[in-house]
Number of protein chains: 2
Amino acid sequence: MAEKPDALWRSGVGEFIKTQRELANLSLRQLAEIAKISNPYLSQVERGLYKPSADVLKSIAGALKISAETMYAQAGLLDEIAPPPGGAEGPGVEQAVRLDSRLSVEQKETLIRVYRGFVERA
Amino acid sequence: MAEKPDALWRSGVGEFIKTQRELANLSLRQLAEIAKISNPYLSQVERGLYKPSADVLKSIAGALKISAETMYAQAGLLDEIAPPPGGAEGPGVEQAVRLDSRLSVEQKETLIRVYRGFVERA
DNA sequence: AGCATCTGCTTGGTACACTTAGCACATGAG
DNA sequence: CTCATGTGCTAAGTGTACCAAGCAGATGCT
């Protein structure tokens with residue numbers, strides 16, 4: 001007998017998954033199939049009704065081509081890395097661009113210019 | 001994930017936990033109390049009867065003063081993301097973009113589209 | 001001899017992670 | 001309009017992660 005968990009324990013990871021899924025232009029069923037979980041369950045996870053296990057998180061992360069560590073961090077399962085108080089977060093877009101050996105120098109400059117245009121205008 | 005009914009398959013984590021526990025000179029009950037789980041459950045986990053959730057793993061890792069990442073690695077939950085077929089990179093531009101909370105969804109899509117336009121030109 | 005108090009293990013039960021089947025509403029093709 | 005197929009969501013059930021209570025063998029103390 002499955003009782004509904006009455007606590008909408010807002011974990012934030014559901015929101016994160018949904019955002020990433022939409023960014024990848026995947027439907028709920030598509031992602032569910034790739035991640036090998038049922039689509040209703042994924043729906044409930046995205047809406048914060050259930051807190052998925054690490055196995056599922058890893059599987060979803062793989063399907064979204066996100067590192068498992070990032071996923072666990074979003075799920076609050078990893079020892080938290082304090083976000084830099086001043087601004088940028090995560091790996092850092094500019095640094096990632098500079099480290100990408102497949103980009104030419106001009107391409108890097110273009111990307112960084114566009115990125116800064118987006119960011120430096122609050 | 002409703003998984004296999006019965007199996008002695010997952011011996012890795014349990015053994016690891018037991019080793020670390022004995023290395024720290026902790027009894028089963030002591031570790032269980034610090035990790036805030038029941039001692040019978042810890043016993044079963046160590047013997048590979050149950051596969052603990054990430055929450056429990058993190059808690060045990062904390063009690064043993066081991067990093068959660070090490071724990072997850074031992075549990076086989078921290079698999080590396082498959083490297084891109086063309087050539088692997090460092091941090092990953094796309095992931096960095098996705099994780100930047102200062103960007104809107106449209107901005108992320110734009111940046112990723114431009115980035116892919118640069119890169120996917122084999 | 002007791003009885004304490006360790007040790008780890010078994011039993012019985014509850015909560016929840018997760019599934020299969022199916023609903024209700026869109027959109028598009030014939 | 002009707003049918004098909006897409007979207008996400010609900011309902012009902014199964015399996016298991018996990019806990020409280022208690023068992024059985026050591027060791028030690030009086």
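The basis for the numbers below is simple: all heavy atoms, side chains too, and nothing from hydrogens, waters or symmetry mates. In what follows, chains carry the letters A, B, and so on, assigned in the order in which the sequence lines appear, proteins first and then strands, with residues in each chain numbered from 1.
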- Task: Using only side-chain N and O atoms of B:S53, determine if any of them is under 4.0 Å from OP1 or OP2 of D:dC18.
- Result: yes
- Item | Presence of salt bridge, B:E46 and B:R21, under 4.0 angstrom | yes
- Message: Quick check on D:dT7: is either OP1 or OP2 less than 4.0 Å from any side-chain nitrogen or oxygen of A:R21?
- Response: no
- Item | Stepwise side chain to side chain contact (heavy atoms under 4.5 Å, CB included) test for A:M71 and A:F16 | CA-CA 9 Å; A:M71 206 67 199; A:F16 176 75; 3.9 Å; yes
- Message: With heavy-atom distances below 4.5 Å as the criterion, would you say the side chains of B:V56 and B:Y50 are in contact?
- Response: no
- Query: Rounded to the Å, how far apart are B:L26 CG and C:dC6 P?
  - Reply: 15 Å
- Query: Given side chains that start at C-beta, do those of B:L57 and B:L77 come closer than 4.5 Å, heavy atoms only?
  - Reply: yes
- Heavy atoms from other residues, nucleotides or ligands near CD of B:E33 exceed 12 (cutoff 6.0 Å): no
- Query: What is the nucleic acid contact for A:S38, judged by heavy atoms within less than 4.0 Å: base, sugar-phosphate only, or nothing?
  - Reply: base
- Rounded to whole angstroms, how far apart are CD on B:E33 and C1' on D:dC19? 15 Å
- Item | Presence of salt bridge, A:R47 and A:E15, under 4.0 angstrom | no
- Message: With a 3.5 Å distance limit and no angle check, can you tell me whether A:S59 reaches the backbone of A:A35 through a side-chain donor-acceptor pair?
- Response: yes
- Distance, rounded to the nearest Å, where B:N25 contributes CG and C:dC6 contributes P: 16 Å
- Message: Just the rounded figure in Å: distance from C1' of C:dG8 to CD of B:E22.
- Response: 11 Å
- Query: What does nucleotides 9-14 of chain C look like as a protein-contact string, B for base, S for sugar-phosphate only, - for none, at under 4.0 angstrom between heavy atoms?
  - Reply: BBB---
- Strand contacts (DNA chain C) in residues 54-73 of chain B, 4.0 angstrom heavy-atom criterion: none
- Note on the structure: When rounded to whole Å, the CG to P distance for the pair B:L42 and C:dG8 reads 9 Å
- Message: Working note: B:V114 + A:V114, criterion side chain to side chain contact (heavy atoms under 4.5 Å, CB included); need CA distance, chi angles, decisive distance, verdict.
- Response: CA-CA 10 Å; B:V114 172; A:V114 173; 5.9 Å; no
- Message: Is it true that, when you exclude B:K18 itself, more than 12 heavy atoms of the residues, nucleotides or ligands shown sit nearer than 6.0 Å to its NZ?
- Response: no
